[in-house]
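Notes follow the structure.
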Amino acid sequence: MTSASSPDKPLDEFSLIRRYFHHAARLAGQDASVVLGPGDDAALLTPPAGHQLVMTQDTSLEGRHFPDDMAASDVGYRCLAVNLSDLAAMGATPLWFLLSLTLPEVNEAWLADFSRGMFELADASGIALVGGDITRGPLAISIQATGAVPAGQALLRSGARVGDVICLGGVTGAGLHGLHLWQQGVRQGPAIAHFRRPQPQLALGLALRGVATACIDLSDGLLADLNHVLMASGGLGARLEEACLPLDAAILRDCPHDEQRRLQLQGGDDYLLLFTLPQGVKLPEACFAIGRVEEQSGIRLLTSAGETRQLEARGWQHFG
Ligand SMILES: Nc1ncnc2c1ncn2[C@@H]1O[C@H](COP(=O)(O)OP(=O)(O)O)[C@@H](O)[C@H]1O
Ligand SMILES: Cc1ncc(C[n+]2csc(CCOP(=O)(O)OP(=O)(O)O)c2C)c(N)n1
Ligand SMILES: [Mg+2]
């Protein structure tokens, strides 16, 4: 975040909220579920009949989740995207979100860009900002998002069964590759776009309801997140086929072989869906079948040379 502050007296907290985050007025009449948005002690919302609410929260910190020289509009977009990705993984339709902002100072240019980027994705995804909180401190953005699923239809991590096909909603690796390129000063190209503005797979999540046996979104890396599904499904294992693992064209071109594998299997920040399908179910468009769920615990790779290699389910971790 740059520190250009306004020469004028900074906006007070309430004016700032009204100026940049009172989006509810634009939603009036458009979203009848929001009885009261920002402005009262709490939001007042009407859940859709016959649905269960799906709630998630993710915090993004400058320097840890996004680089300190990332454009504010991309920061706004990204912080909401990572939460929508969790709703997608549950098969939920987005409804409402709360925004908790910790700001080192009032920088109006930054706030205008941040809110523009955030609302760009909010409007495109049909999710309404209904409240939040603002405090002073090192830049941190925490979003709590709520969605809905018809009762009993949420996609869970725990439903994978032996014999299920393990599938990917796209090509992994671009998230971390984008971060590495960013750190080298690159500011353009598909991997950078992917890192700046991850695209939550909401439509795929909806299409997988009643079809997929388990689902998760990839934030920490393919192996680490697949391991969450296998553990939640009763300690199962998996066999992945090297020949079926899709490799990003730019990674193939730019990176040495070991790095290609690391980005593909352990790179975080992909925000794609990983899901399991019962054998014989048609693979959704633009998805990849990469292996099978097995009884034997652990993740194995069947290499193109026909050897079986044990893989460590390592990925991004904040601690340890
Ligand atoms: N501080 C916390 N208190 C309660 N539950 C938490 C906390 N942090 C994470 N969780 C829960 O642990 C689970 C895994 O969280 P996380 O690793 O952040 O998953 P995700 O990648 O889906 O965001 C989620 O169900 C989340 O709600
Ligand atoms: C500046 C910067 N350094 C490193 C990363 C890589 N990174 C940070 S957190 C993370 C994993 C996802 O974040 P987390 O807080 O674990 O989200 P969750 O799994 O809860 O969705 C990754 C891959 C990044 N995105 N930005
Ligand atoms: Mg989380």
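Order of listing sets the numbers, starting from 1, for every ligand and every atom in it.
- If you number the atoms of ligand 2 from 1 as listed, the ones under 4.0 Å from a heavy atom of D220 come out as 11 (C), 12 (C), 16 (O), 19 (O).
- Ligand 2 has an N or O atom lying under 3.5 Å from an N or O atom of D269, backbone or side chain.
- A salt bridge links D69 with R187: the closest approach of a Lys/Arg side-chain nitrogen to an acidic carboxylate oxygen falls below 4.0 angstrom.
- The closest side-chain donor-acceptor pair between T46 and S33, if any, does not fall under 3.5 angstrom.
- At a 4.0 Å heavy-atom cut-off, ligand 2 touches Y271 through the side chain alone.
- Polar contact check, D58 against ligand 2: a nitrogen or oxygen pair lies under 3.5 Å apart.
- At least one heavy atom of H318 lies less than 4.0 angstrom from ligand 2.
- Neither the backbone nor the side chain of L176 has a heavy atom within less than 4.0 Å of ligand 2.
- The Mg ion (ligand 3) lies at 2.8 Å or more from every N, O or S atom belonging to D86.
- Counting atoms of ligand 2 from 1 in the listed order, those under 4.0 Å from a heavy atom of G63 are 1 (C).
- Each of T56, V149, T93 was compared with L87 under the side-chain contact (heavy atoms from CB on, under 4.5 Å) criterion, and only T56 meets it.
- Side-chain contact, S158 with S233: no donor N or O sits under 3.5 Å from an acceptor N or O.
- Seen from the ring of F195, R78 counts as a face-on cation partner, given the 6.0 Å and 45° thresholds.
- Within ligand 1, counting atoms from 1 as listed, the ones closer than 4.0 Å to a heavy atom of S219 are 21 (O).
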